[in-house]
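Have a look at the structure below before the remarks.
Every chain is numbered from 1 and lettered A, B, ... according to where its sequence line falls, protein lines coming before strand lines. Not measured: the values here are computed from a predicted model.
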2 protein chains.
Amino acid sequence: MADTPLATWRDGPTKDAVLDFVRRTCGEDGSPPVPVEERVAVFDNDGTLWCEKPMPIQLDFILRRLTEMAEARPELRERQPWAAAATGDLGWFASLMTAHYAGDDTDVRTLAGGILAAYAGISVEDFERQADTFLRTATHPTLGRGYLRCAYAPMVELLDHLTDNGFTTYIASGGGRDFIRPVSQDMYAIPRERVIGSSSTFTYTSNDVGGTITHRPEADYLDDGPEKPIRIWNRTGRRPLLAAGNSNGDVPMLEFTHRPDAPTLRLLLLHDDPEREFAYTAGAEEALSRAKTDNWTVASIRNDWTTVFPA
Amino acid sequence: MADTPLATWRDGPTKDAVLDFVRRTCGEDGSPPVPVEERVAVFDNDGTLWCEKPMPIQLDFILRRLTEMAEARPELRERQPWAAAATGDLGWFASLMTAHYAGDDTDVRTLAGGILAAYAGISVEDFERQADTFLRTATHPTLGRGYLRCAYAPMVELLDHLTDNGFTTYIASGGGRDFIRPVSQDMYAIPRERVIGSSSTFTYTSNDVGGTITHRPEADYLDDGPEKPIRIWNRTGRRPLLAAGNSNGDVPMLEFTHRPDAPTLRLLLLHDDPEREFAYTAGAEEALSRAKTDNWTVASIRNDWTTVFPA
């Protein structure tokens, strides 16, 4: 156990709330400790464990794949999302997110269709190799650091502190489960079997080399909003004691983190540090409002963290 | 670690194959040990870890629920599967399985529709309480022992031996995931998060008591046949080193247990002991044939086990 837990968190009410929650879970306040097997903590990934601006890391990965496809098949350059990818038209992707926040998912569906087509027929092992290579070699477009070093150091420290206190940590991401898995152990000390996230459906094909699982061009589910508590249940069979998120898509997961008989912590990360990271609340309005009415703990990147990224 | 591993397995080639596999995985033969995190073992449940005759344990649970429904709503007594349940017509359920093995799933779909209707709208917590109470109180119809003591003692001993040697054990059942979860720790020392199985889809409903997840009358997937390797991948992100099953529905899972760079064990349980358990191969023809051609290890209940059930 670290001598000074959460050293990268500034002293204050947020850090106190986190440390108090862990102490109460362990019975250090004199109450009965929560059984170790019930100490489940779930973390959103994009914007909660790693940086999601100026675009989600997985979008960078997908853009490169769409560009490759458009180079190989020129007819795709006439269609979205390949046209935007091939011409570097990031505005199309930005406007898609703006429309999404306003409730219009037309272009999101167009992008999703492109993504699903981009990996149709690929084996899970080949997809893993592509994601692994990308995440270990590509550089963040504005921070100038490798993606592997774009995790928030204070959140990694929180994961470690929870593990030190008997918690089992899970990622519950809206992003692709199999995109995160190859690096979750190295970035977060979370093994691949504890990564929950979105997925396509798969086909199993029998053969004499152990069968092959390949991606089908069809979403199995998008692990966001009300799907998050369902996927957490499917994977863990439990209600978490701690959930951390940063956007409206995390509201049901934080709400689900409710136990009348045990301490719980709902942690919402506020991106308010344009100097060291980014400042934005678009897509987090409902979450911030619920944090106020439901007494969730809001962690301000600017005020509560002494550092943001690993040195 | 047990002093004499697999004490309930008779000395002979099957026991040797299992013990040799574990030793090779751990590098005790001088080869490099397989990293602990890769030591994944998956077990079918019905007929592999617990008894599935004269009917699957979950069918007994469902029959009681269907009977209750038919008592409360007499109009249901005119329709299958409620008619068969209410009149104790086990022949209808038996013929359904016979037709299933012959490739006709008409009545299987009728039963599945009844099961899905039987739990529509129930919360996951209420379902858990019902399954838990049933499994801890009901008695096997012919063996005269509680269901909690219908697990095969030699298989539980194998699970323990694997755990002692750094393996992570999973259940990969065609039966209901949430039906098995309440007892998996007590019966098998497998925690609920390592139970893979069939499931309905769910709805998440927001409320001020932490939200509620309820069963929808729609199958999410049936975890059998080619779906088993897919669900194992989804949960673990790995190919197993060991898979154990007893029927045709386990063939893809055993086939998927293939690693050119590590030892693997494909274990098929043969029900050939009418004295101590049951004797049947219906529904296992393809699996037994593959065991021969692909050199899978067949464990005979009659010959390889000194005991079947816990004392």
Which atoms form the tightest heavy-atom contact between T257(B) and L265(B), and what is the distance?
->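 For T257(B) versus L265(B), the nearest heavy atoms are CG2-O, 4.0 Å.
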
Interface moiety of [X] toward chain B, non-hydrogen atoms closer than 4.5 Å:
{"X": "D208(A)", "answer": "backbone"}
{"X": "E37(A)", "answer": "neither"}
{"X": "D220(A)", "answer": "side chain"}
{"X": "Q185(A)", "answer": "neither"}
{"X": "R231(A)", "answer": "side chain"}
{"X": "T203(A)", "answer": "backbone"}
{"X": "R259(A)", "answer": "neither"}
{"X": "P252(A)", "answer": "both"}

So, the side chain of [X] versus the backbone of [Y]: is there a donor-acceptor pair under 3.5 Å, distance only?
{"X": "E285(B)", "Y": "G283(B)", "result": "yes"}
{"X": "R39(A)", "Y": "N165(A)", "result": "yes"}
{"X": "S198(B)", "Y": "D223(B)", "result": "yes"}
{"X": "N45(B)", "Y": "S173(B)", "result": "no"}

Does Y170(B) have R235(B) sitting over its ring (NZ/CZ under 6.0 Å from centre, angle to axis within 45°)?
-> no

What do you reckon, are the aromatic ring centroids of F134(A) and Y147(A) less than 6.0 Å apart?
-> yes

Can we call the ring centroids of F167(A) and F21(A) under 6.0 Å apart?
-> yes

CD on Q130(A) to OH on Y119(A), rounded to 0.5 Å =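 Nearest 0.5 Å value for the OH-CD distance: 6.0 Å.
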
Contact winner vs chain B - R238(A), R239(A), K228(A), E227(A), heavy-atom pairs under 4.5 Å | R239(A)

Please look at [X] and chain A and tell me whether the side chain, the backbone, both or neither of the residue comes under 4.5 angstrom of a heavy atom of that chain.
{"X": "E128(B)", "answer": "side chain"}
{"X": "R194(B)", "answer": "neither"}
{"X": "P191(B)", "answer": "neither"}

Max heavy-atom pairs within cutoff under 4.5 Å with chain A, candidates F256(B), Y204(B), Y221(B), goes to Y204(B)

